[in-house]
Amino acid sequence: MCLQILKWLHLFSHGANITPMYIRKSARMTPSVSQDPETPNGKVSHGPEDETDSKSEEFHFPTAVMMFLGILTEKQRDNPSAKSDDASAADSDQAAGGQEERGIEGEILDDSQLPTEPVESLPLNDDGSAAEPEEAAKGPSVGEVEVAFQYSGENRRMNITILQCHNLPSKDKGGASSYRLRLVLYPAKRQRAKTRIRDGDNPVFKELFRFSRIYPHELVSSSVRLRLYGAERMRKERLIGEGTVKFSALNVSKKQVIRLRLKPQSEIGGDDTPYSSMSDLSQSESSSSLQSLQHGGGLPELLAGLSYNSTTGRLAVEIIKGSHFKQLAAGRAPDSYVKVAVMSSSGFEMAKSKSSVRRGQPNPTFKETFIFQIAQFQLNEVTLMFTVFNKKGMKRKNALGWFSMGLSNTSEEELAHWNEMQSSNGQQVCRWHALLESKSS
């Protein structure tokens, strides 16, 4: 029946002498045949009085059709600018997509907007998951940050309010005169935010950040990492500590205010790591740590993780940690970094990335991930080249060792790692690799 109505409406709107863009709602909408000899027979005309009323009582034709078919709700009929829940959610998703590009803007709250709920003592493990009070992490700390969480399932949004820091170290003990907090939403790491710089030993922030597109079923696997940086004037920001909260540890049915313990930078193992905590590393190390002993314990090695998504063509290369890095001519550990390059079958360097420098560490922890875009049909035609360098100065370096995998493999270990990565269906595969001595710089 609806199909017949639509066909009739289509014929009606495309008739020879009829253009029904507007239909009157008043009783005067009945047309009359003009008796004016200048008006052709069969054409409809309205008097001046009708034209005046048509402006106030006209009714848009598509609106009438949609109302007749039940497509348009009464709320949308009365208020054309009103949007459905799906449209509002779509707008929220679109706004979140823009936030991924420029970062989420913080909203400064006044005292009347601050949460009034009492601060709870939420026992957490190092990875941010819930723990029993007696099993909560009790390692070294550089202070706490007071944070409020409130989740809206209807809007798919987690509101996070940064309130204040407590018990931060003094400047002579590793603290700073000014601070800033940076937030990253895991596991996607696409939504990021940062507070404004605040002064004082216990800085007060009072900033609200709205993280969007978090569906209720994703709360179990989602978390937020908070990092505290010292922001001295005219100097690069310096990482002081970090803390992680998994949303599964929260009571999302209410607003919750907690004090999050911050681990010191020395416990994190890097300046800018994609991991939320050291415990994330333990899973990748657990299956690979014994393999390092097979090389005799004296050769320099590198622990790398690989994963490939055939749908998106994203190859994720993770530089996790090194072992037995040393300088032959010097008596101290090198200032090392790792370069990862994607080489074509002809030896052309298609893409490359470099880790940050780890200074004076014989067993450095990197925990840095690089993403390369490689189509599935190209995967067996490229070589992944890993080179560990010792940085000597601004423009001086020498290679400590290297290995490769993919089209060209330096050993059976690299070939097995590459093949296992391709058959793992997007799961990360981690292995230790011995570095071959390199005489080139």
Side-chain angles (χ1 to χ4, degrees), residues 126 139-142 169-176 227-232 234-242 262-275 277-282 284-285 288-289 291-293 295-305 317-341 352-370 385-403 430 432-441:
D126 278 337
S141 171
V142 291
S170 59
K171 193 171 183 180
D172 58 345
K173 293 183 179 180
R227 280 190 163 179
L228 180 67
Y229 287 85
E232 304 290 351
M234 304 298 293
R235 294 182 62 183
K236 184 179 178 180
E237 292 184 358
R238 175 171 52 89
L239 177 61
I240 293 178
E242 83 167 30
L262 300 175
K263 296 185 300 183
Q265 189 269 344
S266 59
E267 295 291 316
I268 301 171
D271 296 331
D272 270 315
T273 74
Y275 279 101
S277 66
M278 289 290 288
S279 64
D280 293 322
L281 176 63
S282 61
S284 60
E285 282 188 332
S288 308
S289 57
Q291 299 178 22
S292 176
L293 303 177
H295 299 294
L299 294 177
E301 299 173 299
L302 185 69
L303 178 60
V317 180
E318 184 176 0
I319 306 300
I320 301 174
K321 67 184 301 183
S323 176
H324 299 98
F325 288 2
K326 56 187 176 182
Q327 298 185 72
L328 298 179
R332 70 178 190 88
D335 298 338
S336 57
Y337 68 92
V338 182
K339 174 186 174 182
V340 183
K352 65 179 179 179
S353 293
K354 293 191 298 184
S355 73
S356 54
V357 178
R358 299 295 182 263
R359 302 190 181 278
Q361 300 181 33
N363 303 305
T365 300
F366 295 95
K367 298 188 298 182
E368 298 185 35
T369 301
F370 308 108
M385 180 77 70
F386 296 79
T387 309
V388 180
F389 287 98
N390 172 30
K391 184 177 178 62
K392 291 185 174 182
M394 292 297 294
K395 294 185 178 181
R396 297 178 58 208
K397 64 181 180 181
N398 71 290
L400 297 177
W402 67 280
F403 65 90
C430 301
W432 284 96
H433 297 275
L435 301 180
L436 301 181
E437 185 177 350
S438 176
K439 297 181 180 180
S440 62
S441 57

Quiz item: Within the side chain of Ser323, is there an N or O that forms a donor-acceptor pair under 3.5 Å with the backbone of Asn363?
Solution: no
Practice problem: Using modelled atom types only, decide if a donor and an acceptor are shared between the side chain of Asn390 and the backbone of Ser336 within a distance under 3.5 Å. | Solution: no
Quiz item: Taking atom CD of Glu301 and atom CG of Leu435, what is their separation to the nearest 0.5 Å?
Solution: 8.0 Å
Quiz prompt | Least distance between heavy atoms, Leu400 atom then Pro334 atom | solution = CD1-CG, 3.8 Å
Quiz item: Between Thr365 and Arg358, which heavy-atom pair has the shortest distance, and what is it?
Solution: O-NE, 2.8 Å
Quiz item: Of all heavy-atom pairs between Arg227 and Leu239, which one has the smallest distance, and what is that distance?
Solution: CD-CD1, 3.9 Å
Practice problem: Quick one: closest heavy-atom pair of Glu437 and Trp402, and the distance? | Solution: O-NE1, 4.0 Å
Quiz item: At what distance, to the nearest 0.5 angstrom, does CG of Asp335 lie from CZ of Phe325?
Solution: 12.5 Å
Self-check item: Worked verdict on Phe370 versus Ile319 for side-chain contact (heavy atoms from CB on, under 4.5 Å)
Solution: CA-CA 8 Å; Phe370 308 108; Ile319 306 300; 3.8 Å; yes
Quiz item: Do you know which two heavy atoms are closest between Ala176 and Arg238, and how far apart they sit?
Solution: CB-NH2, 3.9 Å
Quiz item: So, for Ser356 and Phe366, which heavy atoms are closest and what is the spacing to 0.1 Å?
Solution: O-CE2, 3.8 Å
Quiz item: Roughly how far, to the nearest 0.5 Å, is the CZ atom of Arg359 from the NZ atom of Lys391?
Solution: 7.0 Å
Exercise. State which residues pass ring-ring contact (aromatic ring centres under 6.0 Å, His included) with Phe386; sequence neighbours excluded, sorted by chain then number.
Key: Phe403
Practice problem: Taking the side chain as every heavy atom from C-beta outward, state whether Trp432 and Lys321 have any atom pair closer than 4.5 Å. | Solution: yes
Self-check item: Residues forming a side chain to side chain contact (heavy atoms under 4.5 Å, CB included) with Pro140, sequence neighbours excluded
Solution: Pro264, Glu267
